[in-house]
Trainee: 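My structure is below; once you've seen it, I'll send some questions.
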Amino acid sequence: MTPESKRTGLVAVKVGMTSTWDEHGVVMPLTVLWVDDCEVVQLKTEVNDNINSLQLGAGSKRAKNVNGRLLGHFANLGVPIKDKLSEFRVSEDALMPVGTPLNVSHFVAGQYVDIQGVSKGKGFQGVMTRWGFRGGPASHGATKSHRGAGSTGQCQDPGRTFKGKKMAGRMGNKKRTVQSVWVWKVDPARNLMFVLGQVPGNRGGFLRVKDAIRKKPDMDRTPFPTYILPQDELWEDMPVLTAPARKNYWDRFNKAM
Ligand SMILES: *[C@@H]1O[C@H](CO)[C@@H](O)[C@H](O)[C@H]1NC(C)=O
């Protein structure tokens with residue numbers, strides 16, 4: 001492992017939200033993530049594929065719901081049928097063989113992760129909802145123009161509406177990344193992790209979780225390239241690890257008072 005080493009992330013499922021209290025009695029909103037049978041499906045190397053990366057698969061699907069090409073992909077590589085595939089670029093020393101299981105112990109409580117997913121779709125929304133426009137006046141002679149966008153251009157010059165003008169349209173259902181999410185608890189026996197705050201998407205949606213790029217974890221504490229359970233141990237016996245409350249989280253609360 002060198003300082004430039006980059007390990008893979010995980011594919012997790014958003015289970016839902018819950019909350020708890022830290023030792024100061026400050027409520028902590030938490031999102032529960034479940035790592036559902038995540039394993040290495042394909043190994044790509046610089047020599048063969050011009051890239052060092054790992055394609056991970058998670059979840060499962062019945063063969064009748066998967067198209068033929070994808071079935072061939074799984075069959076050729078000798079892995080079970082996965083519901084979700086996602087590729088992670090890694091450094092050469094973090095490559096792992098096909099079939100390597102990835103469990104939640106890949107991450108350590110107290111580290112920061114970046115979480116990517118598809119945000120909840122809001123449908124076709126007007127400018128007030130989509131962009132926070134103020135709309136028109138509620139009274140004083142305003143008729144039928146309370147939530148409209150108003151004018152979208154200027155005068156004869158420039159004589160057109162600029163590209164990218166904020167207008168009504170489809171909102172949400174976009175790929176979004178939440179950076180530097182704090183991992184509060186890692187529960188290896190149930191393959192669950194609890195992170196502080198929100199992550200994109202609906203319950204049941206798949207997410208890409210990887211080491212934060214802005215708040216890099218301590219490489220000596222995170223398992224590299226991933227956590228492998230020792231032969232004579234059981235997942236059920238692994239302790240649940242909880243990080244001590246973050247100091248700056250408490251500070252922020254004090255300021256708000
Ligand atoms: C760890 O990952 C493997 C492979 O995806 C899976 O079979 C196993 O159930 C996971 N362990 C736990 C405790 O869920």
Side-chain angles (χ1 to χ4, degrees), residues 1 5-15 31-45 49 51-61 70 73-74 76-117 177-178 181-195 199 201 204-213 216-241 243:
M1 189 172 50
S5 292
K6 191 166 138 198
R7 62 186 194 138
T8 178
L10 293 184
V11 179
V13 178
K14 175 170 174 178
V15 176
T31 306
V32 185
L33 308 179
W34 173 42
V35 178
D36 178 17
D37 280 345
C38 184
E39 64 177 289
V40 178
V41 168
Q42 193 184 9
L43 168 67
K44 294 191 185 176
T45 59
D49 313 279
I51 192 172
N52 284 322
S53 68
L54 295 172
Q55 187 188 61
L56 307 187
S60 62
K61 240 178 173 181
L70 207 46
H73 180 65
F74 293 121
N76 291 341
L77 294 161
V79 290
I81 298 168
K82 295 288 175 186
D83 189 357
K84 178 74 184 175
L85 292 175
S86 195
E87 195 168 315
F88 291 83
R89 237 184 139 137
V90 297
S91 56
E92 202 180 345
D93 50 355
L95 291 169
M96 289 179 285
V98 170
T100 309
L102 288 153
N103 295 92
V104 86
S105 310
H106 185 72
F107 295 116
V108 292
Q111 80 159 100
Y112 290 85
V113 290
D114 290 345
I115 302 183
Q116 187 171 59
T177 309
V178 180
V181 180
W182 184 65
V183 180
W184 173 64
K185 181 158 116 174
V186 172
D187 183 345
R190 295 189 291 166
N191 230 1
L192 296 177
M193 59 195 275
F194 295 66
V195 299
V199 308
F206 284 104
L207 300 162
R208 277 166 68 88
V209 187
K210 53 185 189 176
D211 293 335
I213 55 169
K216 290 207 174 61
D218 180 0
M219 291 285 265
D220 299 331
R221 283 187 57 224
T222 49
F224 190 90
T226 189
Y227 182 84
I228 306 288
L229 191 72
Q231 281 282 297
D232 51 345
E233 282 182 36
L234 294 172
W235 283 115
E236 292 76 58
D237 302 334
M238 294 265 302
V240 175
L241 296 173

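Nothing fancy with the numbering, it's 1 onward along the sequence.
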Trainee: When you measure from the side chain of Lys82 to the backbone N and O of Leu56, does any donor-acceptor pair fall under 3.5 Å?
Mentor: no

Trainee: Could you state the interatomic distance from CE (Met193) to OG1 (Thr31), rounded to the nearest 0.5 Å?
Mentor: 10.5 Å

Trainee: Output the distance between atom CG (Leu234) and atom CG (Leu229), rounded to the nearest 0.5 Å.
Mentor: 7.5 Å

Trainee: Show the nearest heavy-atom pair for residues Leu33 and Val15, with the distance to one decimal.
Mentor: C-CG2, 4.3 Å

Trainee: For a 4.5 angstrom cut-off between non-hydrogen side-chain atoms, does Gln42 reach His73?
Mentor: yes

Trainee: Where the side chain of Asp114 meets the backbone of Ile213, is there a donor-acceptor pair that is under 3.5 Å apart?
Mentor: yes

Trainee: Check whether Asn191 reaches the backbone of Val104 with its side chain - one donor and one acceptor, N or O, closer than 3.5 Å.
Mentor: yes

Trainee: Would you say that Val240 contacts Val186 through its side chain, given a criterion of any heavy-atom pair below 4.5 Å between the two side chains?
Mentor: no

Trainee: Tell me, do Leu241 and Val108 make a side-chain contact under 4.5 Å, heavy atoms counted?
Mentor: no

Trainee: Is Lys185 atom NZ crowded by more than 12 heavy atoms from other residues, nucleotides or ligands, each under 6.0 Å away?
Mentor: yes

Trainee: What's the shortest heavy-atom distance between Pro223 and Ser105, and which atoms?
Mentor: CG-O, 3.4 Å

Trainee: Do any pairs count as a side-chain hydrogen bond (donor to acceptor under 3.5 Å, both in side chains) and have a residue in residues 219-240, sequence neighbours left out, and if so which ones?
Mentor: His106-Thr226

Trainee: Working to the nearest 0.5 angstrom, can you tell me the gap between Phe194 CZ and Trp182 CH2?
Mentor: 13.0 Å

Trainee: Ignoring hydrogens, what is the shortest heavy-atom contact between Pro239 and Pro188? Give both atom names and the distance.
Mentor: O-CD, 3.4 Å

Trainee: Are any non-hydrogen side-chain atoms of Tyr112 and Val181 less than 4.5 angstrom apart?
Mentor: no

Trainee: Side chains of Val11 and Leu207: does their closest heavy-atom pair fall under 4.5 Å?
Mentor: no

Trainee: Please report the interatomic distance CZ(Phe74) to NZ(Lys61), rounded to the nearest 0.5 Å.
Mentor: 8.5 Å

Trainee: Taking atom CG of Leu10 and atom CG of Asp36, what is their separation to the nearest 0.5 Å?
Mentor: 12.0 Å

Trainee: Could you tell me which non-hydrogen atom of Val209 sits nearest to which non-hydrogen atom of Phe107, and how far apart they are?
Mentor: O-CZ, 3.5 Å

Trainee: Can you check whether Arg190 reaches Met238 side chain to side chain, under 4.5 Å on heavy atoms?
Mentor: no

Trainee: Salt bridge between Asp211 and Arg7, side-chain N to carboxylate O under 4.0 Å?
Mentor: yes

Trainee: Hey, can you pull the donor-acceptor pairs under 3.5 Å for the side chains in residues 83-99, sequence neighbours left out?
Mentor:
residue: Ser86; atom: OG; partner: Arg208; partner atom: NH1; Å: 2.7
residue: Glu87; atom: OE1; partner: Lys44; partner atom: NZ; Å: 3.0
residue: Glu87; atom: OE2; partner: Ser53; partner atom: OG; Å: 2.7
residue: Ser91; atom: OG; partner: Lys6; partner atom: N; Å: 2.8
residue: Ser91; atom: OG; partner: Lys6; partner atom: O; Å: 3.3
residue: Ser91; atom: OG; partner: Asp93; partner atom: OD1; Å: 2.6
residue: Asp93; atom: OD2; partner: Ser5; partner atom: OG; Å: 2.6

Trainee: Can you tell me how far the CD atom of Gln55 sits from the CG atom of Leu77, to the nearest 0.5 Å?
Mentor: 7.5 Å

Trainee: Between Lys14 and Gly201 (side chain of the first, backbone of the second, donor and acceptor by atom type, cut-off under 3.5 Å), is there such a pair?
Mentor: yes

